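Quick note: numbers below take in every heavy atom, side chains included, and nothing from hydrogens, waters or symmetry partners. The model shown is predicted, which means the values in this text are computed figures rather than measured ones. Reminder, nothing fancy here: chain letters follow the sequence lines and each chain counts from 1.
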Protein chains: 2
Amino acid sequence: MTDCEEMPLPAWISDLPALDLLLSVAETGSVGRAARAHGITQPSASARLARLERRLGVPLLVRSRRGSLLTPAGETVVVWSRTVIDAAQNLADGVLALRADRQARVRISASLTVAEYLLPAWLRCSRTVTTAERCSKPSAP
Amino acid sequence: MTDCEEMPLPAWISDLPALDLLLSVAETGSVGRAARAHGITQPSASARLARLERRLGVPLLVRSRRGSLLTPAGETVVVWSRTVIDAAQNLADGVLALRADRQARVRISASLTVAEYLLPAWLRCSRTVTTAERCSKPSAP
DNA sequence: AAGCCTTACGATCCCCGTAACCATT
DNA sequence: AATGGTTACGGGGATCGTAAGGCTT
């Protein structure tokens, strides 16, 4: 095959919430508890996990009356999935910071006409101030 | 908050194909080329990226007539996303190996009655043999 | 004219929650 | 009864592709 740079991600891996759910099952030992931890119903969780198994083509867990345990393959998948979810969580945190940063800039530019003469002092102050409080009460004598 | 162990992944991060698409845009410098690389239409790619931006709450790229470039925030997100899809790709490869392994076991157990006396020789041979060939033609005199 | 991006629209498919059911402790 | 798991079913939402439009070079 004369590929260019990298093949796009396979389609059967794209269900990130399913992976997250699988991790919860590994931790709690039960589909129902994992479902509650994610704020969804037990049938939803069951169906989601069944789809995941079907799409991966590998049985992941053995259902029992007193809970669900992972197959050896399931344990392996959990290990890999953990790194994926960790990376995703990392990204989520970063995006959150980025969003906050953007909002801060927006607030500053919005109230710029009022706060023009305060900015130099702010910039000399702290880099991670809660701009909302400062903006609402400029405390200018 | 009295959380148990870990908060489930936020919902606005769960679109893995969108992240992958964003990486392609970063590489090719164009939404259309990225779309072609993923085998989808340009409008689909455009809509997907727009949704991603809306969900993240951060502008990621600046559209131009001669292509699309990333905003500073976009560059940052791309860096984090790279690690995520790398981990996902890693998982995909692992699952592929797991699947192949399982299929091998299935073939072996299926033809076990025939191949019983051959297994010891196989096990002494190589660990990653193409069991399909061996199984189809046992080459037993 | 050609390239790049967007909006509009219709059809399809996926996923969730409710409801109902089976098996054990 | 309570817990853990599954299947059946209807509705809402997301995504895709086609078609059409705007803007530069």
Is the backbone of [Y] close enough, under 3.5 Å, to the side chain of [X] for a donor and an acceptor to pair up by distance?
X	Y	value
Arg82(B)	Leu23(B)	no
Ser81(B)	Leu19(B)	no
Thr83(A)	Ala87(B)	no
Asp20(A)	Leu9(B)	yes
Thr76(B)	Pro72(B)	yes

Starting at [atom1] of [X] and ending at [atom2] of [N], how long is that distance when rounded to a whole Å?
X	N	atom1	atom2	value
His38(A)	dC15(C)	NE2	C1'	16 Å
Arg54(B)	dT6(C)	CZ	C1'	15 Å
Asp15(B)	dC16(D)	CG	P	8 Å
Arg48(B)	dC5(C)	CZ	P	17 Å
Leu49(A)	dC16(C)	CG	C1'	14 Å
Leu52(B)	dT6(C)	CG	P	13 Å
Leu21(A)	dG5(D)	CG	C1'	14 Å

Checklist entry - Looking at dG4(D), dC15(C), dC5(C), which one has an atom nearest to any side-chain atom of Arg33(A)? => result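 So the nucleotide nearest the side chain must be dG4(D).
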
Item to check | Per Arg55(B) side chain, nearest of listed nucleotides dC15(C), dG5(D), dT15(D) | outcome: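 It is dT15(D).
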
So, OP1 or OP2 of [N]: does either fall under 4.0 Å of a side-chain N or O from [X]?
X	N	answer
Arg63(B)	dT6(C)	yes
Ser68(B)	dC5(C)	yes
Arg51(B)	dA14(D)	no
Ser46(A)	dT7(D)	no

Next on the checklist: I'd like to know if Glu53(B) pairs up with Arg63(B) as an ion pair, taking the criterion as any Lys NZ or Arg NE/NH1/NH2 lying under 4.0 Å from an Asp or Glu carboxylate oxygen.
Outcome noted: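 Yes, Glu53(B) and Arg63(B) are salt-bridged.
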
Checklist entry - Along nucleotides 18-25 of chain D, 5' to 3', which nucleotides get a B, which get an S, and which get a -, given that the test is a protein heavy-atom distance under 4.0 Å? => result BB----S-

Just list the side-chain donor-acceptor pairs under 3.5 Å for residues 29-43 of chain B, sequence neighbours left out, or say none.
residue: Ser30(B); atom: OG; partner: Gly32(B); partner atom: N; Å: 3.2
residue: Ser30(B); atom: OG; partner: Arg33(B); partner atom: N; Å: 3.2
residue: Arg33(B); atom: NE; partner: Thr28(B); partner atom: O; Å: 3.4
residue: Arg33(B); atom: NH2; partner: Thr28(B); partner atom: O; Å: 3.4
residue: His38(B); atom: NE2; partner: Ser24(B); partner atom: OG; Å: 2.8

Item to check | Sub-4.5 Å side-chain heavy-atom contact between Leu69(B) and Leu61(B) | outcome: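 With C-beta onward as the side chain, the pair stays apart.
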
Next on the checklist: I want to check something: taking the side chain as every heavy atom from C-beta on, are Leu52(B) and Trp12(B) in contact at a cut-off of under 4.5 Å?
Outcome noted: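 In short, these two side chains do not touch, never coming nearer than 4.5 Å.
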
I'd like a list of close polar pairs between nucleotides 10-13 of chain D and the protein, N/O only, cut-off under 3.5 Å.
none

